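This report refers to the structure that appears directly beneath it.
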There are 2 protein chains.
Amino acid sequence: MKWHELGEMNCPVARSLSILGDRWTLLIIRNAFMRTRRFDDFQKQLGITRHLLSDRLNRLVEKNIFAKVLYQEAPKRYEYRLTESGMALYPVILVLTKWGNTWLNEEGSHPALEFIHKPCGHKTDPQLVCSECGEELHAKAMIPVLEQAK
Amino acid sequence: MKWHELGEMNCPVARSLSILGDRWTLLIIRNAFMRTRRFDDFQKQLGITRHLLSDRLNRLVEKNIFAKVLYQEAPKRYEYRLTESGMALYPVILVLTKWGNTWLNEEGSHPALEFIHKPCGHKTDPQLVCSECGEELHAKAMIPVLEQAK
DNA sequence: TCTCATAGGTTCTAAATTGGAACTCACGCA
DNA sequence: TGCGTGAGTTCCAATTTAGAACCTATGAGA
């Protein structure tokens, strides 16, 4: 199966990964959440080749995750800003951060990246909970259901 | 920068993606959460080439995300089961599911994949909340802090 | 005994993707 | 006139992936 075919699959994970599932895309988005917006900044921060960065940014604009915004008239220069659907990827970044901190940090070989939640002022541990009962969600407690679209 | 160098970076997202950041790995893990355990089943369900599947499964065993468990003596046959750190990837799958359902399903072109939360019996919308105050987490409300490991 | 079927791979070649470096272009400035 | 900046594009070599065929051990059936 070729890769682009996955984008049309009936599984939302496959469709998400048809956009996000490569070595660089989520790192670009991570940096966008850290306020990076310009080509050269992404390139220097990530060490990605200019070639690939160009390709990935275009793809993400096409998929409506970034918007290309003019910030200078002459010469015309654009920056890349997260759209609403791009901002909606924040949970993906947070969850990957938590997993990496927890499981890929042998005997504290790296400093842990933690977060303070501004509204409450505390150091927070992001938890994935049920919208109905508030309990933390685990694989074994979930029953998947396919809902026919309206 | 070559890819394997990212695994040693000081960013938990980069370290996570050095394992998970390719076209197939998270799909393999998704299927593992749907109780797939054997080589041929993964291969048939995903349409991945046997070559790559073999490579990815070995890599995931090496990274302690799958454990290779003997399930038949003669001839010796192994199956791949999620370890504790593999099970901890469930939030990643869930969050990708939610994002794909919400943002990659133009005018209901696909049935939405939803979940019933067994303990409370309701259809659930997974939410990422603060462990301290219970509010939903958004990028703008978070202040990252590097904690030196003990 | 011979042949198939099963499970879990490995090997091969061709095609596609990536990495790295150099080059381009349109300015603004000294 | 030449230099610096931002945002790419072009080229070639190296790596990775796709697709198909092959291999191995065992058990079942004719």
Side-chain angles (χ1 to χ4, degrees), chain A residues 1-9 14 17-29 31-32 35-63 66-81, chain B residues 1-9 14 17-29 31-32 35-63 66-81:
Chain A
M1 182 184 313
K2 290 209 197 96
W3 185 247
H4 66 264
E5 293 168 40
L6 272 188
E8 288 116 50
M9 278 188 73
L17 290 176
S18 79
I19 298 177
L20 308 171
D22 76 288
R23 286 163 167 67
W24 291 111
T25 301
L26 279 168
L27 285 177
I28 293 170
I29 290 168
N31 282 38
R35 317 232 187 294
T36 302
R37 289 173 177 170
R38 299 189 183 172
F39 191 93
D40 275 26
D41 292 337
F42 281 114
Q43 200 274 316
K44 277 169 206 149
Q45 289 164 24
L46 293 170
I48 185 178
T49 62
R50 310 177 71 73
H51 182 29
L52 263 196
L53 177 59
S54 173
D55 178 85
R56 291 298 184 272
L57 287 173
N58 284 330
R59 184 178 306 204
L60 289 170
V61 167
E62 187 187 306
K63 298 292 182 181
F66 279 123
K68 204 166 173 174
V69 179
L70 191 75
Y71 74 89
Q72 182 186 289
E73 268 297 342
K76 282 191 194 282
R77 297 245 186 279
Y78 297 88
E79 58 184 18
Y80 297 89
R81 287 169 182 254
Chain B
M1 182 183 313
K2 290 209 197 96
W3 184 248
H4 62 90
E5 292 168 42
L6 273 188
E8 289 116 51
M9 279 189 73
L17 291 176
S18 79
I19 297 178
L20 308 172
D22 77 288
R23 286 162 166 68
W24 291 112
T25 301
L26 280 168
L27 285 177
I28 293 170
I29 290 167
N31 282 36
R35 320 229 187 293
T36 301
R37 289 173 177 168
R38 299 188 184 173
F39 191 94
D40 275 26
D41 292 336
F42 281 113
Q43 200 273 318
K44 277 168 205 148
Q45 290 164 23
L46 293 169
I48 185 177
T49 61
R50 310 176 71 73
H51 182 27
L52 261 197
L53 177 59
S54 173
D55 178 86
R56 291 299 184 272
L57 287 173
N58 284 330
R59 184 178 307 203
L60 289 169
V61 166
E62 186 187 307
K63 298 292 182 181
F66 279 124
K68 204 167 175 174
V69 178
L70 191 75
Y71 73 89
Q72 182 186 290
E73 267 299 343
K76 281 191 194 284
R77 297 244 186 281
Y78 297 88
E79 58 184 19
Y80 297 88
R81 287 170 183 253

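On a predicted model such as this, the values are computed, not experimentally measured, just so you know. Lettering follows sequence order; numbering is per chain, from 1.
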Can you confirm if the NZ or CZ of R38(B) lies within 45° of the ring axis of Y71(B) and under 6.0 Å from the centre of its six-membered ring?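 The answer is yes; both the distance and angle limits are met.
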Tell me every residue that passes side-chain hydrogen bond (donor to acceptor under 3.5 Å, both in side chains) with E8(A), counting only those two or more places apart in sequence or in another chain.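 Counting only residues at least two positions away or on another chain, E8(A) forms no side-chain hydrogen bond (donor to acceptor under 3.5 Å, both in side chains).
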Under the side-chain hydrogen bond (donor to acceptor under 3.5 Å, both in side chains) rule, collect the residues that match up with N58(B), sequence neighbours excluded.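 side-chain hydrogen bond (donor to acceptor under 3.5 Å, both in side chains) check on N58(B) returns nothing, list empty.
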Distance, rounded to the nearest Å, where [X] contributes [atom1] and [N] contributes [atom2]:
{"X": "L27(A)", "N": "dT18(C)", "atom1": "CG", "atom2": "P", "value": "14 Å"}
{"X": "D55(B)", "N": "dT11(C)", "atom1": "CG", "atom2": "C1'", "value": "14 Å"}
{"X": "Q43(A)", "N": "dT18(C)", "atom1": "CD", "atom2": "P", "value": "16 Å"}
{"X": "D22(A)", "N": "dG19(C)", "atom1": "CG", "atom2": "C1'", "value": "14 Å"}
{"X": "F42(A)", "N": "dG8(D)", "atom1": "CZ", "atom2": "P", "value": "11 Å"}
{"X": "L53(A)", "N": "dT17(C)", "atom1": "CG", "atom2": "P", "value": "18 Å"}
{"X": "I48(A)", "N": "dG19(C)", "atom1": "CD1", "atom2": "P", "value": "7 Å"}
{"X": "L52(B)", "N": "dT10(C)", "atom1": "CG", "atom2": "P", "value": "13 Å"}

Does the side chain of F66(A) come within less than 4.5 Å of R81(A)'s, by heavy atoms?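 They are not in contact (no side-chain heavy atoms under 4.5 Å apart), so the answer is no.
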Tell me, do V69(A) and R37(A) make a side-chain contact under 4.5 Å, heavy atoms counted?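 Heavy-atom side-chain distance check fails, nothing below 4.5 Å.
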Do the side-chain N or O atoms of W24(B) get closer than 4.0 angstrom to the phosphate oxygens (OP1, OP2) of dA18(D)?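 Indeed, a polar side-chain atom of W24(B) lies that close.
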So, does T49(B) get its side chain near the phosphate of dA20(D), meaning an N or O under 4.0 Å from OP1 or OP2?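 False: T49(B) side-chain N/O out of range (4.0 Å or more) of dA20(D) OP1/OP2.
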Give me, pair by pair, the N or O atoms of the protein and of nucleotides 2-8 of chain C that are less than 3.5 Å apart, along with how far apart they are.
residue : atom : partner : partner atom : Å
dA7(C)  : O4'  : R77(B)  : NE           : 3.1
dA7(C)  : O4'  : R77(B)  : NH2          : 3.4
dA7(C)  : O3'  : Y71(B)  : OH           : 3.1
dA7(C)  : N3   : R77(B)  : NH2          : 3.2
dG8(C)  : OP1  : Y71(B)  : OH           : 3.0
dG8(C)  : OP1  : Y78(B)  : O            : 3.2
dG8(C)  : N7   : R50(B)  : NH2          : 2.9

Name of the residue among L27(B), L53(B), I48(B) meeting side-chain contact (heavy atoms from CB on, under 4.5 Å) with F42(B):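 Of the listed residues L27(B), L53(B), I48(B), the side-chain contact (heavy atoms from CB on, under 4.5 Å) partner of F42(B) is L53(B).
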Which comes earlier along DNA chain D counting from the 5' end, the contact point of R59(B) or that of P75(A), where each point is its nearest nucleotide?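 Result: P75(A).
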Is the backbone N or O of T49(A) less than 3.5 Å from a side-chain atom of Q43(A), with the two atoms forming a donor-acceptor pair by type?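 It does not hold such a pair.
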